[in-house]
Novice: 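One structure follows; several queries about it will come next.
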Amino acid sequence: MDNKFIPVCEPLLVGNERKYVLDALETGWISSAGKYIPAFEQAFAEYCGVKHGIAVCNGTVALHLALVALDIKAGDEVIVPNFTMIASAFAVCYTGAIPVFVDAEPETWNIDPSKIEEKITEKTKAIMPVHIYGHPCDMDPIVKIASKYNLKIIEDAAEVHGAEYYGRKCGSLGDIAAFSFFANKIATTGEGGMVVTNDDELADKCRYYKNLCFPLSGNRNYQHNDIGFNYRMSNLHAAVGLAQVEKLDYYVESRRSINTLYRKYLRDIPGITLQPEKKWAKNVYWMNGIIVDKFKFGLGKDELIIKLKEKGIDTRSFFLGMNKQLSLSKCGCDCRGAYPVSEYLSNNGLYLPSGSGLKEETIQYISEVLFEINRQSRKSINI
Ligand SMILES: Cc1ncc(COP(=O)(O)O)c(C=O)c1O
């Protein structure tokens, strides 16, 4: 395996992708009209257990569109986790509203529901729980807080296709949700996203705003009554998406099996913790994140990333907290205060190769390399 490069996440396209894309090409339906768009929207909405899916060109704009549909605007505040991917916070900034950060909980790495209430002000309009790396947020307390303060819930479900909270799919747990179909996601369209919701009015608003505010029905007279966006997805992308949804259960099971194998092979290495699966959750393990305890493992996260790279194993560091982002402080976010859990996660977390097509022998190889690094590091510092 020594000369091999193992990417952190490769897409798996083993269903009808080619057939559907060729069909779209051969019939000339390559833009944002064509049968694969409604078929993909319907199939994915059904998969999530919701009424509506609105396909868009990436997950970031899906979040923005969801916020626009909820009428989030300048002067408002939206609660977001401090430990997330930057797109969650940027989408809030695009509306002119201010993201307000809440620290993560140490076990699941998701937003800590017990720290939300202290961040609510009279300007707060919504909460954006982000289901991190495949594990759903603990939604019941979040829903309780939202109803107490009359706040909307936008799930950032970019990383959790198929994950469940008490048997209900992520994407169906708030007012509206956004998914990403970037190439590393459990279902991909290359670039792509979708807003899902049970609310007819919000769905119509998303369809309206995603298409430059062309009227949803009646004649096109080129009269535009609001400022809209071109967030449309192409039929070519939707063709890939439909094929992916057809096999989504298989991809989810692959991700879960990969995690089981990592757990088996990493079991005896000291100082490594994987993301858990709470008893109320189905974790889809979008990524196999590990927390490295430098004092038990013998080496810190940054050095480990370098050593793994030398062995051809690609990894990624965990997100950097939102409170550390210059871009967000420039847009008026309050970046003061301590976020000790997200700081700990950022400083000590990385994720291992996790693509749905990863073979057992590759996971075994990665684990053996980790073992060897651990053995040598412990020896060199006498632990
Ligand atoms: C939590 C989260 N939100 C939003 C996004 C943005 O999705 P996209 O890259 O499709 O714009 C991502 C992408 O990785 C993500 O991880």
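Since the structure is predicted, the reported quantities are computational estimates derived from the model, not experimental observations. What's counted below: heavy atoms across the whole structure, side chains too, no hydrogens, waters or symmetry copies. We count ligands from 1, going down the list as the structure has it; atoms in each ligand are counted the same way.
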Novice: Measure from NZ or CZ of Arg378 to the centre of the six-membered ring of Phe297, then state whether that distance is under 6.0 Å and the direction lies within 45° of the axis.
Specialist: no
Novice: How far is atom 9 (O) of ligand 1 from its nearest protein heavy atom, and which residue and atom is that?
Specialist: Ser180 OG, 4.1 Å
Novice: For Phe229, does the six-membered ring have the charged nitrogen or CZ of Lys210 within the cation-pi criterion, i.e. under 6.0 angstrom from the centroid and within 45° of the normal?
Specialist: no
Novice: Got the closest protein heavy atom to atom 6 (C) of ligand 1, with its distance?
Specialist: Thr60 OG1, 3.5 Å
Novice: When you measure from atom 8 (P) of ligand 1 to each heavy atom in Cys57, Ala178, Gly59, which option holds the nearest one?
Specialist: Gly59
Novice: Quick one, Cys137 and Val130 - any side-chain contact, counting heavy atoms below 4.5 Å?
Specialist: no
Novice: Would you mind checking which non-hydrogen protein atom is closest to atom 16 (O) of ligand 1, with the distance to 0.1 Å?
Specialist: Glu159 OE2, 2.6 Å
Novice: Looking at Val130, which atoms of ligand 1 are within less than 4.0 Å of one of its heavy atoms?
Specialist: 1 (C)
Novice: Run the salt-bridge test on Lys119 and Glu77 with the 4.0 Å N-O cut-off and return the result as yes or no.
Specialist: no
Novice: So, taking the atom named CH2 in Trp109 and the one named CZ in Phe319, what distance separates them when rounded to the nearest 0.5 Å?
Specialist: 11.0 Å
Novice: Note the single closest protein heavy atom to atom 3 (N) of ligand 1, along with its residue, its atom name and the distance in Å.
Specialist: Asp156 OD2, 2.8 Å
Novice: Taking only residues two or more places apart in sequence, or in another chain, which ones meet Asn58 in a side chain to side chain contact (heavy atoms under 4.5 Å, CB included)?
Specialist: Thr60, Val61, Glu191
Novice: Give the atoms of ligand 1, by number and element, whose distance to some non-hydrogen atom of Lys185 is under 4.0 Å.
Specialist: 13 (C), 14 (O)
Novice: I'd like to check which ligand 1 atoms, numbered from 1 as shown, lie under 4.0 Å from a non-hydrogen atom of Ala87.
Specialist: 4 (C), 5 (C), 6 (C)
Novice: Restricting to pairs with a member in residues 240-269, which pass ring-ring contact (aromatic ring centres under 6.0 Å, His included), not counting sequence neighbours?
Specialist: none
Novice: List ligand 1 atoms under 4.0 Å from Met85, heavy atoms only on the residue side.
Specialist: 1 (C), 2 (C), 5 (C), 12 (C), 13 (C), 14 (O), 15 (C), 16 (O)
